[in-house]
Every structure is written in structure tokens, then in C-alpha cells.
Amino acid sequence: MHSEPLNDRNVSEQSPYFYVDIETYPTTSWDKFKQVVKRTFKGELFVGLWVVMREMIKFDIHTVQYPKEKLPIGPRYRAVHKLLRLWESGYERCIGCGLCEKICISDCIRMDTKIDENSRKEVTEYSINLGRCIFCGYCAEVCPELAIVHGQRYENGSEQRAHFVIKDDMLTPLDWLTSGQQAEFPGFGAITPNESVTKTPLAY
Amino acid sequence: MDMAFIIETIAKIVVILLVFSALAGLGTYFERKVLAFMQRRLGPMHVGPFGLLQVAADGIKLFTKEDIIPQNVVKPIFKIAPVITAATAFMAAAAIPFWPEFTAFGYKVHPIVADINVGILYVLGIMAIGLYGPLLGGMASANKFSLISAARSAAVFISYEVISGLSLLAPLMMVGSLSLIDINNYQAGGIGNWIVWSQPVAFILFWIAAFAETGRTPFHLIANDHEIIDGFGTEYSGMRWGLFFIGEYANMFFISFVIAIIFLGGFGDGSIAGAFQLLLKVSFFFFFFLWTRAAWPDVRPDQLMWLCWKVLMPLAVVNIVITGLVMMF
Amino acid sequence: MSVITITIDGKEVQTQEGEFILNAARSNGIFIPAICYLTRCSPTLACRICLVEADGKQVYACNAKAKQGMNITTTTSTIETEKRAIMEVYDVNHPLECGVCDQSGECELQNYTLEVGVDKQTYSIADTHKPTQNWGLIHYDPALCIMCERCITVCKDMIGDAALSTVARGGENIEAAFKESMPKDAYAMWNKLNKSLIAPNAGTTLDCTNCGECTAVCPVGALVSSDYQYTSNAWEHTQIPATCAHCSAGCQISYDIKHTDITNPDAKIYRVKNEWNYISLCGAGRYGYDFENRNVTKNSIAFDAAIDAFKNADTIAFTSTITNEEAMILQRLKEKFGYKLINEEARVFKNFLSNYSTITGESLYHGFFKEVHSADFVVSIGTALKTDNPNARFAMNNALSMNKGAGLYFHPISDPVIAAMSKNLMQINHAPLMEEATLYLMLDLFGDKAEMPSELTSYLATFHSTKTVTIEETVDEKVTETIVKKVLNAESGVEEEVSEHVTKTVKKKVSKEVEVDENRLLELLNAPAGFSETLTKYLAKKSTFALIVGSDLYTHPNAANCARLVGLIEKYTSFSVTMVPNLANTLGVALICDLDESAGTKTIGYNTAGNFTLSALGEGDLDMPALNQQEGTLTSNDKRVNPTNAALPYGGYELNDIASALGVKEALTVDYTSQLPLNAGFKAVEFDTLPNYYTNAGEEVRGYVLESQRSEVSGDESVQPLDEKYGLKGALVYLANPVLQFTSFTAASHQLQESGGLYGSTSFMNSNGLSAGDSVRVRTSLGEMVVVFIHDSKINGDIPYLPTFDSKINSQALFGGYRFSNVSIEKV
Ligand code: SF4
Ligand code: SF4
Ligand code: SF4
Ligand code: SF4
Ligand code: SF4
Ligand code: FES
């Protein structure tokens, strides 16, 4: 929706803003009395009673008994992070550029990097302090490699303020990758994995 | 006074105390369940089967919780106030016949603690004293919300005292006795003799007043959560707060008994069927308290006062006059 | 040089006549982009991005000199087009690996690309595969190299190793069409860029003194430290401003710290950075940073034992790798309890200074390294310059290469690295103990004979005699020939071949008999033949003179006489004299402490052996913080009191705790900063107010400079005559450290771990039938030891040396104070 009409605070015919109908409120005592009588005998009260009684009889319960039952989570839900792998090689996507670490407004990402045998930058450890993370998604947004994304794991209660996920918790296990369990969501630069996928397209 | 009478009375007091305390607990369970079902929820489910033991859990919690006495409260009054609420509720029960007379092990039991000849007056009087619970508790709490609540409770109770008194006057004029047993017996002839048919206005007015006296939705304004937190109960914790709670629920039961006895024929002829009918009637009124809570919104204090003094009281007076005129001619 | 006024972008600024426009702008806070220029080094004109318009003409700000009244505009539309094109060219085929690159965040290519706003690419050329190269401590990625040649420049003009040069790049030529379509300077720059790559002179790997300065100056991630590579991103570091703790140069550094790893939040030093435009580090400073005393906790038992030891002891022996404040505490302890303070190396220096001041009436020498940098004739006497104080070598090299300078290097050990610094540098490898002769020679050659005491003049005259010799003289002869030469076409930047006829003067040799003045001092010093002639050549058009003297003189048996001679040189020649103190804070210790000659019976050793040892190396009876775990000040050979800060946490006791327990109380060690002795030239300033930075104009704003104290001189300027038989002969050994090592602290850092031995040159190795790794027995009159033989390709000659950095080798015990000793060496 275009926000312009909402910014127009001049209440008029065209404006989506309108006054609730307050003219019909009774002003004199007699009018008020009449209103009470009318409301009392018009049966509005009984409508209310009927509605709740009807629902009780229908017994159409909407409660989700949370720890036993769980609602499905939207694919773009921003819960505990995941580190993805490249589809074609299974190699870790994260290159250790540190942008997520830098952008994180809670300063809760830390990583250890080193040079590996192939002269590549290897991320040996990666941790997020979930006690500080506000799940803003900046890290996922800034990641040039689509390596860090948010996952669906929202159950991260802990007994301590500082608690961490480390690389092993977040990285897609290799067998998940081969069995196609690494979820990829539509959006900027992403792909839907199938047989034709030979490369993970990154933004450039 | 013979010993048996004293023992019997004490036994009755103990039974009533235990039964109604338990009922108050169960009442909360039912209230939660009923409200939940009406709102498409499940209510308590996890303690015991269908959450039945939730009551026990709450009881344990209330009993074991720390009893916090805030620093600036007026301590003796603060401590005594919940007791007043609970005590007056149970004291009022003394004159209520809960069940027709029956014989157990060859002993004739009157399920009423004291069949006094001013029964209903006593009940109403004692319930009126219950006002001191919220009033004193609220004023002693050193909390502005509690204070507002105290002021509101004083206003509401005193106002609706008038309604309940006046509305009862007409049936009493017809019965000619203040004893609840007499009132019950007056209607023993069956459904056609119920006072509700001859005094429908009085019935409605008393019923409305009953909501105000027990402080239930739609007249829940003495402890209206969204305006004044828990009102007079804000500073209370643990079992002291629990006493207010028990008082409120006991009151709901007792007032249900009173309505059923005065207007709906009570236990009728005293047969077992009549006795169970009384329980059914009481259950309906109790259920109705819960039902309205699910269905209706609260009114504002000024609306409540306006309703009391400008609508209900004139109606009650008119009802008395008409009753008097009908009886005279 | 005079102060002139020029106008840059409408702003009037003052600068020195002959200063480069770029430097004038920088010191006045005006930004001109520049990639290839290095302050203090010669402009290479590789990047051409520093284009400005001076008086209507486009010039390169880094090599155009400011003239009085010049009007400079830093941006015009053509300049903007050029800059844009230049940055686009730099981005051609530049790998997009900022994500992993070590330079990311402080990369000049990133910065300028963004500054200029390159958002699309107009140019292209086929890329070639350029594999990365590992050169030991240094890693080179040619794919990232932008051929600014800063590494080559710094290595040649500043460091003096000249270990890097360009090699052919290979690959395609630039499409001809670009020549027409491109801005001119951008094309020229690309042409140059597309021709070459960087390579070590020594072939596939680097053979140099490993200063790492090339990695510091590299604007991109092409040259990086192998150890640091891929361990951190630049922005993660907290920079702790500090002063290098290894040698007396007291270089400004910052310790870049960060948490150790994800499981350990304690700080760890990841690298050392320096303000490379104004100060150059040696490898010890750059790579020897993690010498901290790790995992120390307060051990109260050891502490109580230390207090007891202090109560019983009568002597404190210590080294000069301590702060001024610690030295002050030791001095206070001495004043209160009468301890003897033993630090031989600082004591001889102190004596040297006081003898020197009997001539000059000044408590301190006059010179600064800055003066060496700007001198055009530099002499070094009595110090193994390359390893005693690398910055002194950098200064000398910088003077030789930037000021068309010349120099003399007097030392018994011939040093190929020094020799390679310049053609105009002569090494005189005199016999040890003949240092006095060098000083006499200095007086003889440069002294103002009219002013000098007549005794001295006449004494010097005794060395001279005339004799007739046959010499070969060269005469000029004109010849004309045709040559083909390569000319750099200024327009295109391409080298073109041009043939031309030139008339050349060739030298022709003719024999001739002449009468010459013979100076016996030269003979005594083994000066190379033709010394006088070469010197005359060297001295042509020279105006600023600097002399560096070192610890061979302080430890000399006739040190007192040497000191007075140095004083005379200071007084009667135009040389500015700079002394090189031995260790990081030798000067500070010498000024603060009253040092004793002989020790008592019960000794506390601080970083040195004693009956009870305090050690910052973690080897003693009680741990002490190392210099990167302490705050305090260090006195450099520039007579500057430089602040240093604690980069790493330290959990144990420090000297101040001991002193406090003994009743010499201050809350903090740095509370002593303002109590340093005023009569030694220190100032009463609080530690926290001491600055530590360089301004854009290159001004050193660090700590404060000691004030030299004037004293009355007796006027007695007599010196002892030279004992001509004095020189040591036969097999000799020297006390010195190899490149990259100074003390046990350098050897403790993980990149420089090394154990010492007997170091010898190739010729020494061959003539003694040794090979690297052999065990040798080294015996002097004072004792003997068996050590490993280590080959050092960075020295020449037949004198091997024993190091002091390895605490397992008590090399000092073999020497009687003086750094040279007769020795017998046999293989075992
Ligand atoms: S979601 Fe936000 S707060 Fe959490 S790690 Fe990412 S950037 Fe930091
Ligand atoms: S931004 Fe992405 S690629 Fe860079 S370090 Fe973070 S997760 Fe790895
Ligand atoms: S050298 Fe600079 S531009 Fe090139 S990859 Fe490294 S950071 Fe990026
Ligand atoms: S290695 Fe670095 S300093 Fe050397 S030419 Fe390349 S970019 Fe310049
Ligand atoms: S490390 Fe130092 S000496 Fe070696 S090449 Fe680099 S600048 Fe030159
Ligand atoms: S800085 Fe002047 S040409 Fe590079």
C-alpha cells in the first residue's frame, strides 16, 4: 500500500482517516436512559451470552499445546543461524570475510580464521552469542556468500545470559547436503536446488 | 445449651468451611475452564488429568509463597483486611439453609448453622461488613491504585446495598418473615409458587445487585486489571491474597444460594429431588457469573453509579409501592 | 632552504623551498591522492594519480618541487578523468577477494576506488595465472600487486637491502585501441603496470634482513606477513600505541591486539604496525612482539621469598630492557637500602658519556637520527650497524641514497649488506682495538686545525709523511660512437629504442710519478688503497656531516680516551655525533641509576642471573611483566623519552609491588615518570600526558626530548697518544647478535625462535673446515664453551661472533668487557 494517503493528516472525504461516529452518543439524561432501556431490552446482552455459549458447545478449540505440538515456521523466520555449504562442492560457503562480525549491532559474532593447506582462508571456528543476538538479520543480509542465514530453530532458552552456537551447530552436515536437506529460500541470489544445479550463484 | 447442639454446630461450621473453601478452589478451576471453552481455548491442562490438579498446585503455591508486607503499609490493618473478607463471607453462610433437613444415623440434621428469625437481614448485614476487606486493605496498602479501588468498593457496596435491600423488601412483605427457611417454605408448593413469578422486577434487581456485591464482571471495577492493576489486592501476596480470593468465590456461592432460596423456591418441599434442584439452581447462578464474564464488557464506575441511583433504585421503590398496593387491595 | 608561500586550492600555505608539492599539501592538511610515493624515499612516478595543476601545467605532486608563489589546483576536469581512468585500470583483473584479503579495510586500492567512485569498467585485458609465492616471513600474491613499486623503493632507499626488483610480467599487450581512447597518464601507468611484477633479487626466495617494511608499505594485500595471513581483519584490532622494546632506536609501533580465539577472550598481539611514512622497523620489532610472560598469577610464596631475598641481598644486577620507571625504582631502592646496582653495559656507556662531556661540557651527545637521514656524509665507527641498531643503518642508507651521500664504515668485520647500500660507501676493516685510530683519523681529516689544541694538531701531524709514488692517472679522451639506447617516451610511457651518435669522454690510464702525502693512520687502519682519492671524490659538494658511534668504543679498554676523542670530534669538526646505546633503555638506565663496578655476595638478578632471579622471561624465581605487558617510558638513542603501553594483561607481581613491600611506595609504576631525575635531563611530566604519534608533516610527537645538561669544562683537552701496537691480531671472536635478534625477548617470540651458536661468514666457515651445524669449542683466556656453528651469509671476513640473545649461551663470560677477544676455535 502506498503510504502517501496515510501521511495526509487532513481528515477529509478522500482521506483514509475518519472519525468514529460519535454524534449519536446520547447527551441528555433522558436520552441516556432511553439508550439503556433500548440496549437492555434489544437483547444485545443476550447476543453476547449466546455467542460465547455457542462456542462452548461447538467446542472448536484452537489452542496449540506448544511443547507437544508445534506450528510450522515460515521459511524466512529469523531464528538461530545456519551456515550453508556450496551445492556443487559441499565446501563451506563462509570465506571468513568478517563482514557479519563487523555489521553485527550486538557484537555477538566471533570467528577464528587461518590459512589452510590450499592457501585459502579457512574459518576454523565461528560462534554467535545467542544471549546477545537480537535476530536482526543484518549478518545474513551483509553476507556476500549467502553463507550465514537464519534458520527455524527458535528454541534457545538457556540457564545463562551468554550462550553460544558454534560452527558445528550451524553448518549443514554433509549428509544433509547430499540428501537435499539444506533449505534454500527464494530471494536475492538464491537457488532452488535440483539436479540441474551445478553452481551456487552468488550475487556476482 | 446441650452438648450435642454445640458439637453439631461446630461440625456444621467445619463442614461448611471445608466445603466452601474447596469449592472456592474448584470454582477457579471451573471459571478458567468455562472461560477457556467460551474463548476456544483449553484452559489448564497440564497439572493432573485435564488440569484438574491445577487447583492443588495453586493452593500449594499460595500457601508456600512469601507473605510480603510492603514497607509503607499500615501493617496491622493491611494484615487483617483479607481476613475480614473471608470471615464475613463465611459468617454470612451461618443463616443459609444449604440443604433440607435429613436424618443420618438416626440423628436429625439441620444443614443450617443458625436458623435465626432475621436470617436474610443477617446475611445481608454480614455481607455488607465484607466491604471493610477491600476498603481497609486498599487504604492500608500505600498504593494509589489500591486507594482508588478502596474508594470504588465503598461507593459500589454502599450503593448496591440499597438496591439489594429495597428489592428484597417486596418479597419479604409477601412472605412476612425474615427467616430463609420460612421464605423457602413459602414457596414449597412447587414451581408455580416461586416468588420470581410474582416479583420478577425484584428478582432482576437483586440479581444485578448480586453482581455488584460480589464485584464480578460487568461490575468488576473494584479490581479492574486494565485500569488499577489488582486494585486492593495489588500489594498482597501469598495466602493473604488467597483469602480475598476465597472470600470472593465463597460470596459468589452464598449469594447464588440466597437468590435461589428467595426467588426460585429453594429446596422446595424438602425432598431429595428438591435438594438437588437447589444445587442445580445454585450451579446455574454460579455458572452465570462465569458466563457473563466471558460475554460482557465492564461498565465504567460513573455508569454503575448512574445505573444504581437513577434506574435501579427508582425501579425498586416503584416495585415496593406496587407490591404494597397489591397487598393492600 | 628557505620558507616560501604557495597557494593550494586557494589556500596559502608555507613550505620549504624545494619541498615536493605533495608533502607541502600533506603537512597542511590538504588531500592529494597518491599511491606510489613514500615519504623519505624517491618518487617513482608509477601511479600518476597525484596529478595536480601547478601554474597551469599538469605535474605530479610527488615529484614536482614547490616554488615561491606557485598556484596549485588539485582538481580539474582533466585530472578527474585521469584519476578515474587510473583507478579503473588498477581494478582491471584485480581479484575480487577483499573478503579474504588481509588488507581489506585498510587497502589503498579499496579506498581510492571508492574515493574516485569507480562503478563501471571500461578497460580490459586477458588475465594470466600468477601463483602466490611464499618468501618465508613474507608472502607475495602477484595477482593483487598493483606495481606501485613501494616495496622496491623502501627496500632500496630506506632499508638498504635492495632485495626486490621488477621482473617481466608476461601476458598480452594492451589493446592498441586503448592508446587512442584512454587518458594519457592512465595509459602510461597501465603500460608500466602491464610490464612487470615484483621478484626477489635472489631468485625464488627472499634473501634479505627480513625487516618486513615492504609488507608495511604495500598499499594492497600483495605483500603480507605469512604468519598474520588470514588470521584477522584489520578492523578487529585495538591498536595499542607503544615503543619497540628491542633496541635503542625506540621505534614507534602499535601492538594490534584482539581476543585470542572464540574460547579465549584474553588479548593476543596479532601483529605490529608502524607509521611507515616516518619510521621504519626492523624485523625484530615487526615480528618479535609476543615475548610476553604468559599465564602468570600472583604467587605469594614466590613473592615472599623475593622480599626475603631483597632483605638479604646487597646487590641488584639487571639488564637495560627495563623501563625508566623501573630503573628509577631500582635507584630508589639503592638510595634506601644501599644495594649495589650492577649493569655493566649501561655503566660503560655512562662512563663514556661523562668522559665525553669533559670535553663538550654537555651531558648528552648532539645528534639525532633525523640529522643522519638528512646528512650527505655519514661515518660509522665502532658499531656493527646492521644488527646493533638497524634504524641507524636505515638512516645511513637513506642519507646515502636520497641525498647523493657518501660514507665511511669503520668496523673490523666487513658487512656485505652495508657494502651493498651504496657505491659511495667505503668499509675500513681495521683491527679490533684500533678504534682510537679511527677517531684520530676523523680529527685529522675533518678537524678544524686552526681551532684544535696545538698539541693535538702537532700530534696528528706526526702521522703524516710525504713520499714519491708512481700512480696511474686517468685522463679524459673524447671518442664518438653510435649507440642504441632505450628512451622512455614520456607521452606513452613505453620504452622506445633510439639510436644516436654521442661524443663520450672515456677515461684512459696514464702512469705518472707524484709526491703524495702519506697518512700512517690509514695504514694502521688497513684502509683500502686509494682511500684519500676516493674520499676526496666522496666529499665533493658535501655539506652536512653525521657520525654514528657505537659500543665497540664504550667497551674499549681505552674508552675514556675514545670518549674524549669523540668529544673533540663533536667540538672541532662539523659532524653531528649520535651514539648508539646498546640496548632498549641503556641510555635511560645510564642516566637514572648510579651503577656500581663490582657486585657484592648476594645478588638479585633482574632478567639476568642472580642468587634470586626476577624474570620477565618466566625463567626466574619470581615472574615479572615483559615490556609489552607494562606501561612506562623508554629512552631512545634520539634522547627521547618515549611512552609505551601495556598491550597484554599481566596477572603477577611487578617490581613496584616489591619496592612497595620494602617501603619504597608508589601506587603505580608510572607514578615514577614524573619523578625521573631532572638533573639528568628528564622532565617532570605525568605519564598520561605523554603523546605518541607523528603528524602529517612527519613531525615526531612522542614523549619528550631529554635536555642536555651543561657543565663547566676544565679546558683540558689532552688525549692519550695512540698505541700503535695495540690492535688485536690472530683468531678473534666478536660479541654481537645475528639479524632479527637482540635479547632473549626477541628469541622468545614465536616467529623469531632461534637458538644461538657461533656465527661465521662463508669464508670463515671454509677456511676452518666447518659446516653449519657442527659443534665447535670456543676458548678464550676467560673460559671456553661448546656451541653449534651457524653460517651467517650476511657477514664477511674471518671474525665469527657469539650472540647475547640466547640465555643458554653465557657468551659474555668469554669476553673481558671489550666486544672482541682472541679466541681459539676447534671443531668437536
Ligand atoms: S542477527 Fe543481528 S544481532 Fe544476531 S548475529 Fe546477526 S547481526 Fe548480530
Ligand atoms: S559475512 Fe558471510 S562469508 Fe563473510 S564471514 Fe560472515 S558468514 Fe562468512
Ligand atoms: S588488495 Fe585491496 S582491493 Fe585487492 S582484494 Fe585486497 S583488499 Fe581488496
Ligand atoms: S607488492 Fe605491493 S608495494 Fe610492491 S609493487 Fe606490488 S603493490 Fe606495490
Ligand atoms: S623485508 Fe625488508 S629487506 Fe627484505 S625485501 Fe622487504 S623491505 Fe627489503
Ligand atoms: S604518487 Fe606521484 S606518481 Fe604515484
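Note: hydrogens, waters and symmetry copies are ignored here, and every other heavy atom, side chains too, is used. Within every chain, numbering begins at 1; the chains are lettered A, B, ... in the order of the sequence lines, protein sequences first and strands thereafter.
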task: Name the option with the most non-hydrogen atom pairs under 4.5 Å to chain C; the candidates are Ile166(A), Ile95(A), Thr124(A), Thr113(A).
output: Thr113(A)
- prompt: Are the side chain of Thr231(C) and the backbone N or O of Asp227(C) linked by a donor-acceptor pair below 3.5 Å?
  reply: no
message: Could you check whether Arg120(A) makes a cation-pi contact with Tyr91(A), meaning its NZ or CZ is under 6.0 Å from the centre of the six-membered ring and within 45° of the ring axis?
response: yes
Pro131(C), part contacting chain A, at a heavy-atom distance under 4.5 Å: neither
message: Go through it in stages, so that I can follow the logic: the residues are His150(A) and Tyr77(A), the test is ring-ring contact (aromatic ring centres under 6.0 Å, His included), and I'd like the CA-CA distance, side-chain angles, deciding distance and then a yes or no.
response: CA-CA 7 Å; His150(A) 281 288; Tyr77(A) 193 80; 9.1 Å; no
Chain A interface, residue from Ser232(C), Ser226(C), Gly99(C) that has the most non-hydrogen pairs under 4.5 Å: Gly99(C)
- prompt: Given the options Lys258(C), His259(C), His139(C), Glu97(C), which has more heavy-atom pairs under 4.5 Å with chain A than any of the others?
  reply: His259(C)
query: Hey, is the main chain of Leu193(C) close enough, under 3.5 Å, to the side chain of Arg169(C) for a donor-acceptor pair?
result: yes
Side chains of Thr132(C) and Asn134(C), donor plus acceptor under 3.5 Å: no
- prompt: Which atoms of Glu101(A) come close to chain C, meaning under 4.5 Å heavy atom to heavy atom: side chain ones, backbone ones, both, or neither?
  reply: side chain
query: With chain A, which of Asp261(C), Thr260(C), Val100(C), Ile262(C) has the greatest number of heavy-atom pairs at distances under 4.5 Å?
result: Ile262(C)
